[in-house]
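Input: a single structure, listed below in structure tokens.
Note that the structure is predicted; figures quoted are calculated from it, not measured. Reminder, nothing fancy here: chain letters follow the sequence lines and each chain counts from 1.
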Amino acid sequence: MVGVTEFLSNTTTPKIAALLLGKQLRLATPTGILTAWITETEAYLGATDAGAHAFKNHQTARNQALWQPAGTIYIYQMRTQFLLNLVTQSAGVPECVLIRGIEPVEGVAQMQRNRPVPLANLTTGPGKLMQALGLDKTLNGTLLSSTTLDLRLTPARNPQQIATSPRIGIVNKGDWSTAPLRYYVAGNPFVSQVKKRDQDLAQHGWQATII
DNA sequence: ATGAGGATTTCCT
DNA sequence: GGAAATCCTCATA
């Protein structure tokens, strides 16, 4: 039985970003449990990564959580949106994975009350999924499992195929703008900017067996 | 389909 | 004052 902290810290951050696909986010709310499979992630590689908030180890009031241990939640606000990241290495190593897409499992009706749009547009982006979960930055700096938000390693799904691409929105950052640090479940409809013709409506890009 | 502009917090020049 | 790990609306085609 591998714990979440161990899972998040015993390999490189890009590998963790890929391994997170198919794992389950679980949020306990006063009116019910919300769960979803992770479908899309991005790796942010700390002090050396020109696209990361921790580039050159620059600490600010906003990004303190990145220097906390693996399993720490890093949430920050960009304009009107909140973005969810999970810290992936031991304390002092400011690397993280951004959660960019999730496939709702339990509590879909509650998610749609939080964010009243069609299911196809509910969680297909990092800001959208936070609206659907009803989260702001209250959980920033706390540990997974210590409050209401949890990462579950089982049950889980296996992607049939993992696709990669450059990270979204990282511009004018040289090689870091083109590095293939975005990972998503090929064919899954709950991925940002995915085209209709690329969607696998039957299996959503998952293998049939739930682990 | 694609693109411009605005909402609004945090950080940097 | 400007840009940013985003999303929505409105315009044009």
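A/S165 places no side-chain N or O within donor-acceptor distance of the main-chain N or O of A/R182, the cut-off being under 3.5 Å. The backbone N or O of A/I102 sits less than 3.5 Å from a side-chain atom of A/T123, completing a donor-acceptor pair. Checked by atom type and distance alone, the side chain of A/R167 pairs as donor or acceptor with a backbone atom of A/W176 at under 3.5 Å. Proximity of a side-chain donor or acceptor of A/N121 to a complementary backbone N or O of A/P118 within less than 3.5 Å is not detected. No donor-acceptor pair under 3.5 Å is formed between the side chain of A/D49 and the backbone N or O of A/Y44. Using a distance-only test at 3.5 Å, with no hydrogens or angles considered, no donor-acceptor pair links the side chain of A/T5 to the main chain of A/G71. Judged purely by atom type and a 3.5 angstrom limit, A/Q112 uses its side chain to pair as donor or acceptor with the backbone of A/V117. In terms of modelled atom types and a separation under 3.5 Å, the side chain of A/Q89 and the main chain of A/T11 share a donor-acceptor contact.
Considering OG1 of A/T35 and CD of A/E106, their distance stands at 3.5 Å, rounded to 0.5 Å. Taken from CD1 in A/I75 to CG in A/L139, the straight-line distance is 5.0 Å, to the nearest 0.5 Å. One distance of note links CD of A/Q64 with CZ of A/R62; it measures 11.5 Å at 0.5 Å rounding.
A/N85 pairs in a side chain to side chain contact (heavy atoms under 4.5 Å, CB included) with only one of the listed residues (A/V97, A/L98, A/N140), which is A/L98.
Near DNA chain B, meaning a heavy atom under 4.0 Å away, there are no residues from residues 39-49 of chain A.
Among the protein residues, A/T60 comes within range of the sugar-phosphate backbone only, with heavy atoms under 4.0 Å from sugar or phosphate atoms but none that close to a base. Note on A/L98: a base of the nucleic acid sits closer than 4.0 angstrom, heavy atoms only. Contacts of A/K195 with the nucleic acid, taken as non-hydrogen atoms under 4.0 Å apart, are absent.
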Nucleotide N/O of nucleotides 2-4 of chain C paired with protein N/O under 3.5 Å:
{"unit_1": "C/dA4", "atom_1": "N7", "unit_2": "A/R79", "atom_2": "NH1", "d": "2.8"}
{"unit_1": "C/dA4", "atom_1": "N7", "unit_2": "A/R79", "atom_2": "NH2", "d": "2.8"}
{"unit_1": "C/dA4", "atom_1": "N6", "unit_2": "A/R79", "atom_2": "NH2", "d": "3.0"}

Listing time: all N or O pairs from protein to nucleotides 8-10 of chain C that are below 3.5 Å?
{"unit_1": "C/dC8", "atom_1": "OP1", "unit_2": "A/R115", "atom_2": "NH1", "d": "2.5"}
{"unit_1": "C/dC8", "atom_1": "OP1", "unit_2": "A/R115", "atom_2": "NH2", "d": "2.6"}

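For the pair A/R100 CZ and C/dC7 C1', the interatomic distance rounds to 11 Å; values are reported in whole Å. Here C/dT6 presents its P atom at 11 Å from CZ of A/R167, a figure rounded to the nearest Å. Nucleotide C/dT6 holds its C1' atom 12 Å from the CD1 atom of A/I170, rounded to whole Å.
Place A/K137 and A/Q81 on DNA chain B by their nearest nucleotides, and A/Q81 ends up nearer the 5' end.
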Exercise for the section: Mind running side-chain contact (heavy atoms from CB on, under 4.5 Å) on A/H204 and A/V185 for me, showing each step along the way? Expected result: CA-CA 8 Å; A/H204 290 188; A/V185 179; over 6 Å; no

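Legend: salt bridge (charged side-chain N to carboxylate O under 4.0 Å, His left out) pairs involving residues 20-39 of chain A, not counting sequence neighbours: none detected.
Under a hydrophobic clustering in which Ile, Leu, Val, Met, Phe, Trp and Tyr are joined whenever their side-chain heavy atoms come within less than 4.5 Å, directly or via other members, A/L66 and A/I99 fall into different clusters.
Counting only N and O atoms by type, the side chains of A/R152 and A/Q24 include no donor and acceptor under 3.5 Å apart.
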Problem - For DNA chain C, the dot-bracket pattern of Watson-Crick and G-U pairs whose distances stay under 3.5 Å, | for other-strand partners - result: ||||.|||||||.

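Nucleotides of DNA chain B with any atom under 4.0 Å from a heavy atom of chain A span, from 5' to 3', B/dA7 to B/dC12.
Using P as the reference atom, B/dT2 and C/dA5 are 23 Å apart when rounded to the nearest Å.
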